[in-house]
S.K.: 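Got a structure for you, questions after.
Side chains are part of it too, since the values below use all heavy atoms of this structure and drop only hydrogens, waters and symmetry mates.
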Amino acid sequence: MPPGLLRMRRLLLVVWLGLLAVATALLGLLAGPAWSALALLPLAVLLWGWSMLGRNWRSWRYAERSDDLLISRGVLWREETVVPYGRMQLVEVTSGPVERHFGLASVQLHTAAAATDARIPGLDPAEAERLRDRLTELGEARSAGL
């Protein structure tokens, strides 16, 4: 996976937990200096989250196999999703404002099963479009009559 996804997630972690730490410290100063120590809690979560985001980022994989797409993710709870090409109904590329700032896009796969969570985040936009076109081509070629 491109490192832009990890940078984006870590930046969001620093922004939100940094703001929480500052707000907690300011409220602590108003209530008494001893309460300012509560600002250390968001900073501890920030350090823990930093390493967890790295582990999670390294866990994402996808593979285009002969009959299906395999998506693997997770550190503590491993998840593997197999989507047969013939069951794909829609393949879309999405990119929100934060993702676009980091030069990222996501590929979302839709099938007839509502529970299928087939999403590949953090791709280079050119790779996301290539993957969308390839999966659409394979899905049409192996259509299962949907």
S.K.: Please say which of L138, V82, I120 ends up in a side chain to side chain contact (heavy atoms under 4.5 Å, CB included) with L69.
M.R.: I120
S.K.: Would a 4.5 Å heavy-atom cut-off, applied to side chains only, mark V83 and L135 as touching?
M.R.: no
S.K.: Can you measure from CZ (R87) to CG (D67) and round to the nearest 0.5 angstrom?
M.R.: 13.0 Å
S.K.: Taking all non-hydrogen atoms of both residues, which atom of T111 and which atom of M88 are closest, and how far apart?
M.R.: CG2-CA, 4.3 Å
S.K.: State plainly whether the residues R130 and E64 are in salt-bridge range, i.e. N to O under 4.0 Å.
M.R.: yes
S.K.: Minimum heavy-atom separation for S59 to G74, with atom names?
M.R.: OG-N, 3.0 Å
S.K.: Tell me, do T136 and R132 make a side-chain contact under 4.5 Å, heavy atoms counted?
M.R.: yes
S.K.: Determine, stepwise, if the pair L46 / V14 fulfils side chain to side chain contact (heavy atoms under 4.5 Å, CB included).
M.R.: CA-CA 7 Å; L46 177 97; V14 168; 3.8 Å; yes
S.K.: Just how far is it from atom CG of L53 to atom CH2 of W48, taken to the nearest 0.5 Å?
M.R.: 9.0 Å
S.K.: Taking ILVMFWY side chains as joined if any heavy atoms are under 4.5 angstrom apart, and letting links pass through other members, which residues group with L41?
M.R.: none
S.K.: Going by side-chain hydrogen bond (donor to acceptor under 3.5 Å, both in side chains), name the residues that satisfy it together with S106, two or more places apart in sequence or in a different chain.
M.R.: E99, R119
S.K.: To the nearest 0.5 Å, tell me how far L109 CG sits from L131 CG.
M.R.: 7.5 Å
S.K.: Linking I/L/V/M/F/W/Y whenever any side-chain heavy atoms sit under 4.5 Å apart, do V98 and L104 land together?
M.R.: yes
S.K.: Determine, for R65 against D68, whether the closest basic-nitrogen to carboxylate-oxygen distance falls under 4.0 angstrom.
M.R.: yes
S.K.: Of all the heavy-atom pairs spanning A118 and T81, show the shortest one and how long it is.
M.R.: CB-CG2, 4.4 Å
S.K.: Treating Ile, Leu, Val, Met, Phe, Trp and Tyr as nodes and any side-chain heavy-atom pair under 4.5 angstrom as an edge, say whether L26 and L30 lie in one connected cluster.
M.R.: no
S.K.: Can you get from M52 to W50 by hopping between Ile, Leu, Val, Met, Phe, Trp and Tyr side chains that sit under 4.5 Å apart?
M.R.: no
S.K.: Show the nearest heavy-atom pair for residues L20 and T24, with the distance to one decimal.
M.R.: O-OG1, 2.7 Å
S.K.: With a 4.5 Å cut-off on side-chain heavy-atom distances among I, L, V, M, F, W and Y, is there a chain of contacts connecting W57 to L47?
M.R.: no
S.K.: Between V75 and R55, what is the shortest heavy-atom contact and its length?
M.R.: CG1-NH2, 2.8 Å
S.K.: Residues two or more places apart in sequence or in another chain: which of them pass salt bridge (Lys or Arg N to Asp or Glu O under 4.0 Å) with R58?
M.R.: none
S.K.: So, do P121 and R9 sit near enough that their side-chain heavy atoms are less than 4.5 Å apart?
M.R.: yes
S.K.: Show the nearest heavy-atom pair for residues V93 and A105, with the distance to one decimal.
M.R.: CG1-CB, 3.9 Å
S.K.: The criterion is side-chain hydrogen bond (donor to acceptor under 3.5 Å, both in side chains); which residues satisfy it with S72, sequence neighbours excluded?
M.R.: R78
S.K.: With sequence neighbours left out, write down each residue that passes side-chain hydrogen bond (donor to acceptor under 3.5 Å, both in side chains) with E92, or none if nothing qualifies.
M.R.: H110
S.K.: Report the C-alpha distance between L5 and F102 in whole Å, list the side-chain angles of each, state the deciding distance to 0.1 Å, and finish with yes or no for side chain to side chain contact (heavy atoms under 4.5 Å, CB included).
M.R.: CA-CA 8 Å; L5 179 64; F102 284 90; over 6 Å; no
S.K.: Quick one: name the residues clustered hydrophobically with L43, using the 4.5 Å side-chain heavy-atom rule over I, L, V, M, F, W, Y, and just say none if it's on its own.
M.R.: L40
S.K.: Indicate yes or no: at least one non-hydrogen side-chain atom of R61 is less than 4.5 angstrom from one of I71.
M.R.: no
